[in-house]
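Report on the structure given below.
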Amino acid sequence: MISDQERADAQCLWDFQQMGHQVRPCSVAIGLGSHDLGVADTTAELYHRGMAPLIVFTGATSPTTRDRMPRGEAEHYRERAVELGVPAEAILVEPHARNTGENIHFSRALLEEHRIPVSSVLLVSKPYEERRAYATACKLWPEVEWVSTSAPMSLTEYVDSIQDARLVIDMLVGAQQRLMIYPRQGFMVEQHIPDGVAAAYQRLRGAGFTSRIVPDSVTQS
């Protein structure tokens, strides 16, 4: 069972991850690979709204996606977007990235290889990783303007879609931890962590929501 305090703390972390950026037309949209096909759906919807003329889907596989997405996260995202009416020629696939840093680095290299000028990027991630993705992108590609976005979902809606409240809270705690330790390791720009967010994180970590925690000295994941 999830207590009322744990739900409140999870909501605090969820709200902090939401960047609240105003979506606007950008040079390209980059959809970050994961287990969540909703990222592809959101990226396709933004394309149809005219928010980007080109999409890059980036991602290889991971232990959580190897069985569900055997051809790679980016390729499955591409297939989903085409199903949703995005022209195949409007999509580039980056199939090698295995973490958020590589998502950004390899996508940039792919766009440069295709000689596509980029001044702004719509960065599409899972809802509980908007801020983490943004902080990583700003560190690795500071020359462009980043607009971080995700599916417009509440925490309750996301839990209902995953059907595992404990896993979602574990993922929120893991994302928050990375925001706190990765800047000093050079993987992200620093983000101000409000006291209430830090306290919520510590309570949830102390309560055992730790399956997505990494050692403080670990390399990026």
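Since this is a predicted model, take the numbers as computed values, not measurements.
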Margin query: Before you tell me yes or no, could you show the steps for Leu123 and Ile104 under side-chain contact (heavy atoms from CB on, under 4.5 Å), namely the whole-Å CA-CA distance, both residues' side-chain angles and the distance that decides it to 0.1 Å?
Written below: CA-CA 10 Å; Leu123 186 63; Ile104 303 305; 4.0 Å; yes
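- Shown here for Ala200 and Leu13, the closest heavy-atom pair between the two residues is CB-CD2, 4.3 Å.
- Here the straight-line distance linking atom CD of Gln191 with atom CZ of Arg132 works out to 13.0 Å at 0.5 Å rounding.
- For Tyr128 and Asp36, the side-chain atoms include no donor-acceptor pair closer than 3.5 Å.
- The closest side-chain donor-acceptor pair between Glu145 and Ser120, if any, does not fall under 3.5 angstrom.
- Separating the OH atom in Tyr201 from the CZ atom in Arg205 is a distance of 3.5 Å, to the nearest 0.5 Å.
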Checklist line | Derivation of the salt bridge (charged side-chain N to carboxylate O under 4.0 Å, His left out) call for Glu190 and Arg184 | finding: CA-CA 8 Å; Glu190 193 80 37; Arg184 64 176 178 263; over 6 Å; no
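- Cys12 approaches Gly196 most closely through the heavy-atom pair SG-O, 3.9 Å.
- What you find for Thr61 and Met69 is that their closest heavy atoms are CG2-O, 3.5 Å.
- Considering every non-hydrogen atom in both Arg108 and Leu140, the closest pair reads NH1-O, 3.4 Å.
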Check: Going through the checks in order, is the salt bridge (charged side-chain N to carboxylate O under 4.0 Å, His left out) test met by Asp9 and Arg203?
Finding: CA-CA 8 Å; Asp9 287 339; Arg203 282 192 295 267; 2.8 Å; yes
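- The OH atom of Tyr182 sits 7.5 Å away from atom CD of Gln177, with the distance rounded to the nearest 0.5 Å.
- Atom-to-atom distance recorded for Ile55:CD1 and Ser107:OG is 12.5 Å, nearest 0.5 angstrom.
- Atom CD of Glu94 and atom CZ of Arg78 lie 14.5 Å apart (nearest 0.5 Å).
- Relative to the ring axis of Phe16, Arg131 places its NZ or CZ within 45° and under 6.0 Å from the centre.
- For the residue pair Glu130/Ser125, the side-chain donor-acceptor check at 3.5 Å is not satisfied.
- Under the 4.5 Å side-chain criterion, counting only non-hydrogen atoms from C-beta, Arg49 is in contact with Leu46.
- Counting non-hydrogen atoms of other residues, nucleotides and ligands closer than 6.0 Å to CD of Gln22 gives a total of 12 or fewer.
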Next item on the list: Go through Thr210 and Val173 one step at a time and tell me if the side-chain contact (heavy atoms from CB on, under 4.5 Å) criterion holds.
Entry: CA-CA 7 Å; Thr210 56; Val173 170; 5.7 Å; no
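- The closest side-chain donor-acceptor pair between Ser34 and Tyr77 falls under 3.5 angstrom.
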Item checked: Stepwise side-chain contact (heavy atoms from CB on, under 4.5 Å) test for Cys26 and Leu122 -> CA-CA 6 Å; Cys26 290; Leu122 272 175; 3.9 Å; yes
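- Taking the six-membered ring where the residue is Trp, the centroids of His76 and Phe57 are separated by 6.0 Å or more.
- Nearest heavy-atom pair, Ser27 versus Pro53, reported as atom, atom and distance to 0.1 Å: O-CD, 3.4 Å.
- Side-chain atoms of Glu102 come within 3.5 Å of backbone N or O of Arg98 as a donor-acceptor pair.
- Heavy-atom minimum distance, Pro127 versus Ala151: CG-O, 3.9 Å.
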